[in-house]
**Student:** 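Take a look at this one; I'll ask things after.
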Amino acid sequence: MTDVPRPGQLVTHDELLGRPEVVAPALLGCWVVTERPEGTTAVRLTEVEAYSGAGDDPAAHSHRGPTPRSAVMFGPPGHLYVYFSYGMHWCANVVVGAEGEGSAVLLRAGEVVLGEELARGRRPASAVHRDLARGPARLTAALGIGPDDRDLLLLDPRSPVRLHRGTAPVAVTAGPRVGITHAAELPWRFTETGAPTVSAFRAGVRRRPPAG
DNA sequence: TCAATGATCCCCT
DNA sequence: GGGGATCATTGAA
C-alpha cells in the first residue's frame, strides 16, 4: 500500500443549487475523479467559470433556450455537460442551479493530483506537470473526458466520472471570463489565489480584426 | 502570432 | 432543408 492522496466526500445535489456565480467558487479545490479500465486520474480544480441560464448571460450555451447540444444544461444539477470546441477540443461543465434553469460551471483548469503518468500519456509529451490540466481542453484531455461522458451524473458513487469535495479551504480570486465575446465583463471567472495551474489570461481575443 | 478544424445554430429559402 | 458565420482553444513557430 502506497500513501496515495484521497479526495473528500462526493459533492451533493444541494450544494449545486443557487446562482452559478455563487456555486462556481465553491467548486475550487474540489476533485474531478475519473475511473477508467486503464486506471484512475484526478484533477484538483483551480479555475472555473460561471455561465447563467437565467436569461441574463448571452455567453451561455443555454442562452437561446434548449437545443440538442445544450439540453443537458437544462436537466438536474450535477450532470456533466461536454461540448466540442474549435473543431478539435472537448470542454467539460458541471450543470448547476435548479432543473430547467440552464446554468453551468465550466471547468477551466486544475492540478493533476492522481494518475499523473496516465494523464501525461493523454497529453503531448512536451507538457510539464503544471500544464497537464491548465486550460479547459487540457483538463478534459488529462482526465480522458470526451463525448462518451456526456450527461454522466458526477454525484453518483458508481459513476466513472465524479466530483468530490477538496481536502482544504481555498482562497478565491474573481475576475472577468476568458475567451468569450459576449458579457465578458462579468467577474464570473474564479481562480485559486496564486495557483500556478491557472490558465493564461486572454480575454475576448478576436480571431480576425474588425473590417475597415 | 496564427493556423488548424468541425459541430452547432441562425437565418434564409 | 441548406449555406455560412461563429466559437467558453491549443500548440508550434
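Residue numbers begin at 1 in each chain, while the letters A, B, ... track the order of the sequences. What you see is a predicted model, and the numbers here were worked out from it, not measured in a lab.
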**Student:** Is the base of dT10(C) stacked against the aromatic ring of Tyr86(A), taking ring centres under 5.5 Å apart and planes under 30° as the test?
**Tutor:**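 No, the aromatic ring of Tyr86(A) does not stack with the base.
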**Student:** Have a look at Ala137(A) and say if it touches a base, only the backbone sugar-phosphate, or nothing, with a 4.0 Å heavy-atom cut-off.
**Tutor:**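 The answer is sugar-phosphate, as Ala137(A) gets under 4.0 Å only of primed atoms, P, OP1 or OP2.
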**Student:** Starting from P on dA8(C), measure out to CG on Leu139(A) and report it in whole angstrom.
**Tutor:**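 Taking CG of Leu139(A) and P of dA8(C), I get 18 Å after rounding.
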**Student:** Over how many whole Å does the gap from Trp90(A) atom CH2 to dT8(B) atom C1' extend?
**Tutor:**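 Checked: the CH2 to C1' distance equals 11 Å.
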**Student:** Measure from the side chain of Pro124(A), starting at C-beta and using heavy atoms only, and say which of dG11(C), dT10(C), dC9(B) lies closest.
**Tutor:**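 So the nucleotide nearest the side chain must be dG11(C).
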**Student:** For Thr67(A) and for Met88(A), find the nucleotide of DNA chain B with the closest heavy atom, then tell me which residue's nucleotide is more 5'.
**Tutor:**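 Mapping each residue to its closest nucleotide by heavy atoms, the 5'-most match is Met88(A).
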**Student:** Quick one: do the Thr41(A) and Arg122(A) side chains pair a donor with an acceptor below 3.5 Å?
**Tutor:**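 Indeed, the side chains of Thr41(A) and Arg122(A) share at least one donor-acceptor pair under 3.5 Å.
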**Student:** Roughly how many Å is it from CG in Leu106(A) to C1' in dT9(C), rounded to a whole number?
**Tutor:**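 Computing the Leu106(A):CG to dT9(C):C1' distance gives 11 Å.
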**Student:** Do any side-chain nitrogens or oxygens of Arg108(A) fall under 4.0 Å of OP1 or OP2 in dA8(C)?
**Tutor:**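 Arg108(A) to dA8(C) OP1/OP2: no side-chain N or O under 4.0 Å.
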**Student:** Give the nucleotide from the list dA4(B), dA8(C), dG11(C) with an atom nearest to the side chain of Arg123(A).
**Tutor:**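 The listed nucleotide nearest to Arg123(A)'s side chain is dG11(C).
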**Student:** Between His61(A) (NE2) and dC7(C) (P), how many Å, whole number?
**Tutor:**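 About 9 Å, once rounded to whole Å.
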**Student:** Whole angstrom is fine here: how far is it from OH in Tyr51(A) over to P in dC7(C)?
**Tutor:**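 In whole Å, dC7(C) P and Tyr51(A) OH are 12 Å from each other.
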**Student:** Counting Watson-Crick and G-U wobble pairs only, both distances under 3.5 Å, name the nucleotide matched with dC7(C), or none.
**Tutor:**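 Across all strands, the one nucleotide that pairs with dC7(C) is dG6(B).
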**Student:** Kindly compute the distance separating CZ (Arg162(A)) from CG (Leu155(A)), expressed to the nearest 0.5 Å.
**Tutor:**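 Answer for the CZ-CG pair, Arg162(A) versus Leu155(A), is 11.0 Å.
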**Student:** Using a 4.0 Å heavy-atom cut-off, does His182(A) contact any base of the nucleic acid, only the sugar-phosphate backbone, or nothing at all?
**Tutor:**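 His182(A): backbone/sugar contact only, no base atoms under 4.0 Å.
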**Student:** Below the 4.0 Å mark, does dA8(C) have OP1 or OP2 next to a side-chain nitrogen or oxygen of Arg189(A)?
**Tutor:**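 Answer is no, no contact under 4.0 Å.
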**Student:** If you count every heavy atom of other residues, nucleotides or ligands that lies below 6.0 Å from Glu117(A) atom CD, does the total exceed 12?
**Tutor:**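 It does not: Glu117(A) CD has 12 such atoms or fewer within range.
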**Student:** Answer yes or no: are there more than 12 heavy-atom neighbours, outside Arg36(A) itself, under 6.0 Å from its atom CZ?
**Tutor:**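 Check passes, neighbour count above 12.
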**Student:** Report the distance from atom CZ of Arg130(A) to atom C1' of dT10(C), rounded to the nearest whole Å.
**Tutor:**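 Between C1' of dT10(C) and CZ of Arg130(A): 15 Å.
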**Student:** 5'-most contact on DNA chain B: Arg150(A) or His89(A), nearest heavy atom basis?
**Tutor:**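 Closer to the 5' end of DNA chain B: His89(A).
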**Student:** Measure from the side-chain heavy atoms of Arg64(A) and tell me the nearest of dC10(B), dT9(C), dG11(C).
**Tutor:**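 Shortest atom-to-atom distance from the side chain points to dC10(B).
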**Student:** Hey, does the Lys NZ or Arg CZ of Arg69(A) hover above the aromatic six-ring of Phe84(A), less than 6.0 Å from the centre and inside 45° of the axis?
**Tutor:**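 No - Arg69(A) does not lie over the ring of Phe84(A) by the 6.0 Å and 45° rule.
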**Student:** How long is the line joining OH of Tyr83(A) and P of dG6(B), in whole Å?
**Tutor:**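 Going from OH in Tyr83(A) over to P in dG6(B) covers 18 Å.
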**Student:** From NE2 of His63(A) over to P of dC10(B), roughly how many Å is that when rounded to an integer?
**Tutor:**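 The answer, rounded to whole Å, is 11 Å.
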